Amino acid sequence: MTPSTTNSLTKQTLHQRIDRLLDFTPEVKIQKLEYGSIKVNDTVISNRYGCWICDGVSFYRRKSAVGYALCLLRNDTQKANAICKLDQKLQKVKCDIDVYHYHMRKSNPKRQIVMSNRISADMPVLHTVDAQLTSLLKTIQV
């Protein structure tokens, strides 16, 4: 064998090795689309009037919708339902706190104290639900 044929065989086997390493298709493709939308395989998660919509289910956070879509792809309905419930609870507590803030600014001093107490009572709930949702989303494998 001449050195040129040995060199071409080495290049050919190197190309074959690289092609074998790169010859795979990922199970899950996540793409960012315009306006903050995300596509997880064939499921499009889009923002409509402040809610993230994934398969007809609305979410408060985009990452919850992405986690929900990933769970549906893996046929893990139990985890998907848990994500949906935690996200809804997070949205409810956040909206309640926003309403309390609004009424606190627009009311008399006695009512301000009541609204302040309600905010103080709901803030730990907000942080707890947020931590639970975040830890649940971290368990999802991409």
Side-chain angles (χ1 to χ4, degrees), residues 3-142:
S4 64
T5 58
T6 315
N7 193 15
S8 68
L9 286 175
T10 310
K11 284 182 182 178
Q12 185 179 17
T13 57
L14 182 62
H15 283 295
Q16 288 173 346
R17 287 183 189 170
I18 292 172
D19 288 342
R20 273 185 269 147
L21 285 174
L22 298 177
D23 188 30
F24 71 95
T25 56
E27 287 182 37
V28 178
K29 274 179 84 173
I30 300 174
Q31 295 176 331
K32 283 189 174 182
L33 304 174
E34 58 186 20
Y35 306 114
S37 297
I38 293 181
K39 185 175 183 180
V40 180
N41 281 2
D42 293 331
T43 306
V44 176
I45 300 164
S46 60
N47 190 340
R48 292 190 196 139
Y49 304 108
C51 292
W52 295 96
I53 307 296
C54 175
D55 281 347
V57 181
S58 64
F59 291 92
Y60 177 65
R61 291 197 170 156
R62 182 172 62 175
K63 64 183 176 181
S64 299
V66 172
Y68 181 80
L70 289 171
C71 287
L72 291 181
L73 286 175
R74 303 253 187 247
N75 292 326
D76 191 358
T77 56
Q78 184 178 9
K79 197 177 284 187
N81 290 336
I83 289 170
C84 190
K85 286 179 184 176
L86 284 172
D87 189 79
Q88 287 174 354
K89 188 171 182 180
L90 182 73
Q91 182 178 10
K92 183 195 178 309
V93 172
K94 177 70 172 111
C95 288
D96 287 347
I97 290 172
D98 289 344
V99 168
Y100 300 152
H101 274 290
Y102 173 79
H103 287 294
M104 195 167 97
R105 287 185 301 232
K106 302 282 184 182
S107 61
N108 60 30
K110 288 183 181 179
R111 186 146 170 96
Q112 284 179 351
I113 292 171
V114 171
M115 293 300 138
S116 176
N117 289 340
R118 287 183 178 178
I119 291 170
S120 297
D122 278 353
M123 285 305 282
V125 175
L126 179 73
H127 292 299
T128 303
V129 172
D130 185 35
Q132 289 174 349
L133 180 61
T134 302
S135 65
L136 182 61
L137 290 172
K138 287 181 179 179
T139 62
I140 299 171
Q141 295 181 2
V142 179

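In this text, all values refer to a predicted model and were calculated from it rather than measured experimentally.
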### Task
Could you check if a side-chain atom of Met115 sits within less than 4.5 angstrom of a side-chain atom of Arg118, using non-hydrogen atoms only?
yes
### Task
Measure the spacing between OG1 of Thr43 and CD1 of Ile53 and express it to the nearest 0.5 Å.
13.5 Å
#### Entry: Min side-chain heavy-atom separation Ser64-Trp52 under 4.5 Å
no
#### Entry: Closest contact, heavy atoms only, Val57 versus Tyr68
CG2-OH, 3.7 Å
### Nearest non-hydrogen partners of Lys39 and Asp42, listed with the distance
CE-CA, 4.3 Å
### Query
What pair of heavy atoms forms the shortest contact from Ile45 to Ala69, and how long is it?
CD1-CB, 4.1 Å
For a quick test of your reading: what N or O donor-acceptor pairs under 3.5 Å do the side chains of residues 120-136 make, sequence neighbours left out?
| unit_1 | atom_1 | unit_2 | atom_2 | d |
| --- | --- | --- | --- | --- |
| Ser120 | OG | Ser116 | O | 3.0 |
| Thr128 | OG1 | Pro124 | O | 2.7 |
| Asp130 | OD1 | Arg61 | NH1 | 2.5 |
| Asp130 | OD1 | Arg61 | NH2 | 3.3 |
| Thr134 | OG1 | Asp130 | O | 2.8 |
| Ser135 | OG | Ala131 | O | 3.2 |
| Ser135 | OG | Gln132 | O | 2.9 |

### Task
Answer yes or no: does atom CD of Gln31 have more than 12 heavy-atom neighbours from other residues, nucleotides or ligands under 6.0 Å?
yes
### Query
Among Leu137, Leu70, Thr139, Leu72, which one satisfies side-chain contact (heavy atoms from CB on, under 4.5 Å) with Lys79?
Thr139
### Which atom of Ile140 lies closest to which atom of Cys71, heavy atoms considered
CD1-SG, 3.7 Å
### Query
Do any N or O atoms from the side chain of Arg62 and from the backbone of Ile38 form a donor-acceptor pair under 3.5 angstrom?
no
### Query
When rounded to the nearest 0.5 angstrom, what distance separates CG in Leu73 from NZ in Lys29?
13.0 Å
### Ile83 side, atom CD1; Gln78 side, atom CD - distance, nearest 0.5 Å
11.5 Å
### Task
State, to 0.1 Å, how close Ser107 and Gln112 come at their nearest heavy-atom pair, and which atoms those are.
O-NE2, 3.3 Å
### Message
Looking at every heavy atom in both Asp87 and Tyr60, which two are closest together, and how far apart are they?
### Response
OD2-N, 2.5 Å
